[in-house]
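Both counts, for ligands and for their atoms, begin at 1 and track the order of listing.
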Amino acid sequence: MKEIGLYVHIPFCRSKCLYCDFNSYECREDDAPNYVESLLGEIGEYQKRYDFTYKTVYIGGGTPTVIKSFLIGSILEKLAPSIKAGAEITMESNPGTVTFESLKYYKSLGINRLSIGLQAWQDDLLRGLGRIHKSEDFLYAYDSARKSGFDNINADLMFAIPNQTLKMWEETLLKVADLGADHISCYGLILEEGTGIYELNKEGKVCLPDEESDREMYRMAIDILNSYCYRQYEISNFAKCGRECKHNLIYWSNEEYLGVGAGSHSRLGDKRFWNYRNIDRYIGMIEKGKLPIEGQEELSGDEEMWETIFLALRLNEGLELRGFENKYKVDFQSRYEDALKKLTAQGLVVIEEDRLKLTEKGKDLSNSVFIEFL
Ligand code: SF4
């Protein structure tokens, strides 16, 4: 029996945020029963074909909490025989889409980790991002989740967003840290082509913080969250002791996982494959009795090594060199001699106790570090 992680994609949202390029559809919640039926078909197909046990389950989206809660119940009921006892089961949620009753129900299903998308504390900034909620909705969701028994809550925050000042970002961090969330994710806004914000920026209608402010905000997050005893364990993620996200650690450790639902990606053995993104296409494939896989690729040895390096470098503990050498049968220092010399001289990486790690400067310039190992 193989133990892997499972990702379940729910591609529905109440409305599309202006920066979002995730596979999510607004105002199509009426399609959710049909979609979930297909999802159950896909899960069942994998249960027939493989002997997997899921050591983590992550229900993401989209916004899983916009569909009728009993549909989430039917997914977990189907998965139940394949979930390892004590597994971390996370569900993403957004303020404005949960109630105390729905949260109590989710908890009763065995969901033991809740991720709440706040992004920013200031309602003006939230409106500018096209978010449907205000900070008071976040407070209600957070408080209701605690009262429903969730003792493992993540808050998603975003910096370098239009019109955000350092003071505003500081307020967001302090408010969430004061509440005592168990885990905090801090991602900088990325302008993705085709999104509303990308177009507004092109037309000069939004003002984004410059590169220097972006880095200042990032360092501010590290300083403030450290002072509240959060440990930065990944470039963008901070956790109280023992509250690191086990599911995401599977990705960063380049371990195996299965993704079900429209557009989800999987990595099994040396194969990667991905499902159709379009939900009608996805449902159509399941109705024909087929797995909804759109494409697959086999990674070469070099590609897999690179992936393992850059994913591990995202983690504060870095890459364990002996383990890497045993797995890929290479001598790390000689294989990557040029990159190591250059990056060490620039003060971007360091080797400590058999682990290759990014320095603080390296975290700021992580993308250029990753490229050197290509
Ligand atoms: S709630 Fe999340 S998934 Fe939905 S539109 Fe906004 S950013 Fe995208």
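Evaluation of the side chain to side chain donor-acceptor pair (under 3.5 Å) rule for Lys202 yields no partner, not counting sequence neighbours. Legend: residues meeting side-chain contact (heavy atoms from CB on, under 4.5 Å) with Glu77, ordered by chain and number and at least two apart, are absent.
Under the side-chain hydrogen bond (donor to acceptor under 3.5 Å, both in side chains) test applied with Tyr58, the options Glu92, His247, Lys246 reduce to a single match, Glu92.
The salt bridge (Lys or Arg N to Asp or Glu O under 4.0 Å) pairs that include a residue from residues 164-179 are Lys167-Glu170, where partners are two or more places apart or lie in different chains.
Take a cut-off of 2.8 Å around atom 6 (Fe) of ligand 1: the protein N, O or S atoms inside it are Cys17 SG.
When side chains are defined from C-beta on, Trp169 counts as touching Thr172, because their heavy atoms get closer than 4.5 Å.
Under the 30°/60° scheme for interplanar angles, the aromatic rings of Trp121 and Phe138 are found to stand perpendicular.
Closest to atom 3 (S) of ligand 1 among all protein heavy atoms lies Gly62 N, 3.3 Å.
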